Amino acid sequence: MKYTPLPRSFYERYAVDVAKSLLGKLLVRELEGRFLVGKIVEVEAYRGIDDPASHAYRGKTPRNYIMWEAPGLAYIYLAYGVNWCLNIVAEPKGCPAAVLIRALEPLEGIEVMRKNRGVARLRDLTSGPGKLTQAMSIDSRFNGWDLTKGKLLYVAEPPSLENFDIVATRRIGIKRGLDKKWRFYIKGNLFVSRV
DNA sequence: TGTGTGATAGTCT
DNA sequence: GACTATCACACAT
């Protein structure tokens, strides 16, 4: 195995802390024998009954039940009928919470991502939640996928740690829960969806 | 370089 | 029947 997946304990914490800790980590997708790798540069935290912007706010449904499952699972839903969005379940099982992966910096398999996206500009490859799932060929087949197994789709520690500043802002595309600054991104990174 | 708007379909009321 | 954790394109600047 080329990359080592983060353990379940990493995700079994307060979702806001998990979100911040995910910045700088690698999202790894094995596709047809090739590695597609991107550095996570933008995330958002969503919780449960104290967060009106969260899918979990109004209780468990057939769509959102994964948020109540074990930390480290993938929760994937369709946004606006066109874009798949990738979340990672956080906090102990039974406590609904998740972290939305909003943007990546492409590191490996860039030509495959370009083909999947059908765009030429490097900066448009993975600079948004719907864009990165398209670039990495992630859809509802991965709903409930265990990201700690280290197969096909997982999150891994980067080979070397670099220093960066974290910016906290309001979350994007929501109308409720605007008081919470639970969107985090790497300051100055070119692939953040918007500053 | 930025703002406005239509497409699109699953989900819940 | 309304709403939505988005994207891409047009158009103006």
Side-chain angles (χ1 to χ4, degrees), chain A residues 11 14-23 27 38 40-69 71 73-91 95-106 113-145 147 153 155 166-186 188-195:
Chain A
Y11 304 103
Y14 184 53
V16 178
D17 292 332
V18 175
K20 281 187 272 195
S21 305
L22 277 171
L23 290 176
L27 183 66
I40 298 173
V41 300
E42 181 182 350
V43 294
E44 282 177 3
Y46 289 87
R47 297 192 72 245
I49 54 169
D50 66 339
D51 180 9
S54 173
H55 286 172
Y57 186 61
R58 293 165 205 281
K60 204 185 280 191
T61 70
R63 171 173 71 156
N64 67 17
Y65 75 96
I66 298 284
M67 290 182 74
W68 278 260
E69 293 299 312
L73 299 191
Y75 166 49
I76 296 177
Y77 66 88
L78 189 63
Y80 298 95
V82 275
N83 303 111
W84 295 106
C85 293
L86 169 66
N87 299 250
I88 305 178
V89 175
E91 311 210 5
C95 180
V99 176
L100 171 65
I101 309 298
R102 282 195 57 89
L104 304 173
E105 176 180 333
M113 294 188 204
R114 237 190 263 270
K115 205 177 104 195
N116 289 342
R117 290 274 295 128
V119 299
R121 264 187 57 177
L122 181 65
R123 212 174 150 178
D124 289 328
L125 242 39
T126 54
S127 55
K131 298 178 188 176
L132 69 93
T133 54
Q134 188 182 26
M136 288 200 160
S137 188
I138 297 168
D139 58 28
S140 60
R141 289 172 304 170
F142 283 105
N143 195 32
W145 189 261
L147 298 171
L153 180 65
V155 181
I166 295 177
V167 182
T169 74
R170 299 196 318 196
R171 292 167 290 180
I172 307 266
I174 56 168
K175 292 197 168 59
R176 294 176 293 269
L178 293 176
D179 54 314
K180 296 178 169 57
K181 295 195 171 165
W182 285 357
R183 170 176 178 252
F184 305 99
Y185 64 85
I186 293 179
N189 191 283
L190 239 47
F191 296 89
V192 170
S193 66
R194 53 173 269 209
V195 294

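Predicted model only: the values in this text are computed from it and were never measured. So you know, we letter chains A, B, ... as the sequences are listed, proteins then strands, and number each from 1.
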Student: For the side chain to side chain contact (heavy atoms under 4.5 Å, CB included) test, which of A:L22, A:N189, A:T126 pairs with A:V41?
Tutor: A:N189
Student: Is any NZ, NE, NH1 or NH2 atom of the basic residue among A:E44 and A:R171 found under 4.0 Å from an Asp or Glu carboxylate oxygen of the other?
Tutor: no
Student: Thinking salt bridges, do A:D124 and A:R114 make one under a 4.0 Å N-O criterion?
Tutor: no
Student: Can you tell me the distance, in whole Å, between the CG atom of A:N83 and the C1' atom of C:dT4?
Tutor: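 These atoms are roughly 11 Å apart.
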Student: Counting only distance, no hydrogens or angles, is the base of C:dA5 paired donor-acceptor with the side chain of A:Y77 under 3.5 Å?
Tutor: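 Looking at the base of C:dA5, it does pair with a donor or acceptor on the side chain of A:Y77 (distance under 3.5 Å).
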Student: Among A:V99, A:L100, A:L73, find the residue that satisfies the side chain to side chain contact (heavy atoms under 4.5 Å, CB included) test when tested with A:N87.
Tutor: A:L100
Student: Apply side chain to side chain contact (heavy atoms under 4.5 Å, CB included) to the pair A:V16 and A:F184, showing each step before the final yes or no.
Tutor: CA-CA 9 Å; A:V16 178; A:F184 305 99; 3.6 Å; yes
Student: Determine, stepwise, if the pair A:Y14 / A:R47 fulfils side chain to side chain contact (heavy atoms under 4.5 Å, CB included).
Tutor: CA-CA 9 Å; A:Y14 184 53; A:R47 297 192 72 245; 3.4 Å; yes
Student: Between A:E91 (side chain) and A:A15 (backbone), is there a donor-acceptor pair under 3.5 Å?
Tutor: yes
Student: Can you list, by residue number, the residues of residues 121-140 of chain A that have a non-hydrogen atom closer than 4.0 angstrom to DNA chain B?
Tutor: none
Student: Which whole-number value in Å describes the distance from A:I172 CD1 to C:dA5 P?
Tutor: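 For the pair A:I172 CD1 and C:dA5 P, the rounded distance is 13 Å.
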Student: Quick one: on DNA chain C, does A:N87 or A:V119 contact a more 5' nucleotide (nearest heavy atom)?
Tutor: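 Per heavy-atom nearest nucleotide, the more 5' residue is A:N87.
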Student: Look at the side chain of A:T133 and the backbone N and O of A:W84, then say whether any donor-acceptor pair between them is shorter than 3.5 Å.
Tutor: yes
Student: Using the side-chain heavy atoms of A:V82, tell me which of these nucleotides is nearest: B:dT8, C:dA5, C:dT4.
Tutor: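 Nearest listed nucleotide: B:dT8.
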Student: Answer with base, sugar-phosphate or nothing: what part of the nucleic acid does A:R170 contact at a heavy-atom distance below 4.0 Å?
Tutor: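 The answer is nothing, as A:R170 stays clear of every strand by at least 4.0 Å.
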Student: For C:dC7, does either OP1 or OP2 sit under 4.0 Å from a side-chain N or O belonging to A:R117?
Tutor: no
Student: Whole angstroms only, please: what is the CZ-P distance between A:R47 and C:dA5?
Tutor: 18 Å
Student: Here's a test for you: under side chain to side chain contact (heavy atoms under 4.5 Å, CB included), which of A:L122, A:L125, A:I40 qualifies with A:F191?
Tutor: A:L122
Student: So do A:V155 and A:Y11 actually touch side chain to side chain, heavy atoms under 4.5 Å?
Tutor: yes
Student: Could you tell me how far apart A:E42 (CD) and C:dT6 (C1') are, to the nearest whole angstrom?
Tutor: 13 Å
Student: In whole Å, what is the span from the CE atom of A:M67 to the C1' atom of C:dA5?
Tutor: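 Atom-to-atom, A:M67 to C:dA5, this comes out as 10 Å.
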Student: Using the side chain to side chain contact (heavy atoms under 4.5 Å, CB included) rule, take A:S127 and A:E105 through it: C-alpha gap first, then chi angles, then the decisive distance, then the call.
Tutor: CA-CA 8 Å; A:S127 55; A:E105 176 180 333; over 6 Å; no
Student: Quick one: A:R194 CZ to B:dG2 P, roughly how many Å, whole number?
Tutor: 11 Å
Student: Could you state the OH-P distance from A:Y57 to C:dT4, rounded to the nearest angstrom?
Tutor: 14 Å
Student: Okay, side chain of A:D51, backbone of A:G48: is any donor-acceptor separation there less than 3.5 Å?
Tutor: no
Student: Please work out the stems of DNA chain B from pairs that are Watson-Crick or G-U wobble with both distances under 3.5 Å, keeping only runs of three or more consecutive pairs.
Tutor: B:1-7 with C:6-12, B:9-12 with C:1-4
Student: Which atoms of nucleotides 10-13 of chain B (N or O only) lie under 3.5 Å from a protein N or O atom, and what are those distances?
Tutor:
from: B:dC12; atom 1: OP1; to: A:T61; atom 2: OG1; distance (Å): 2.1

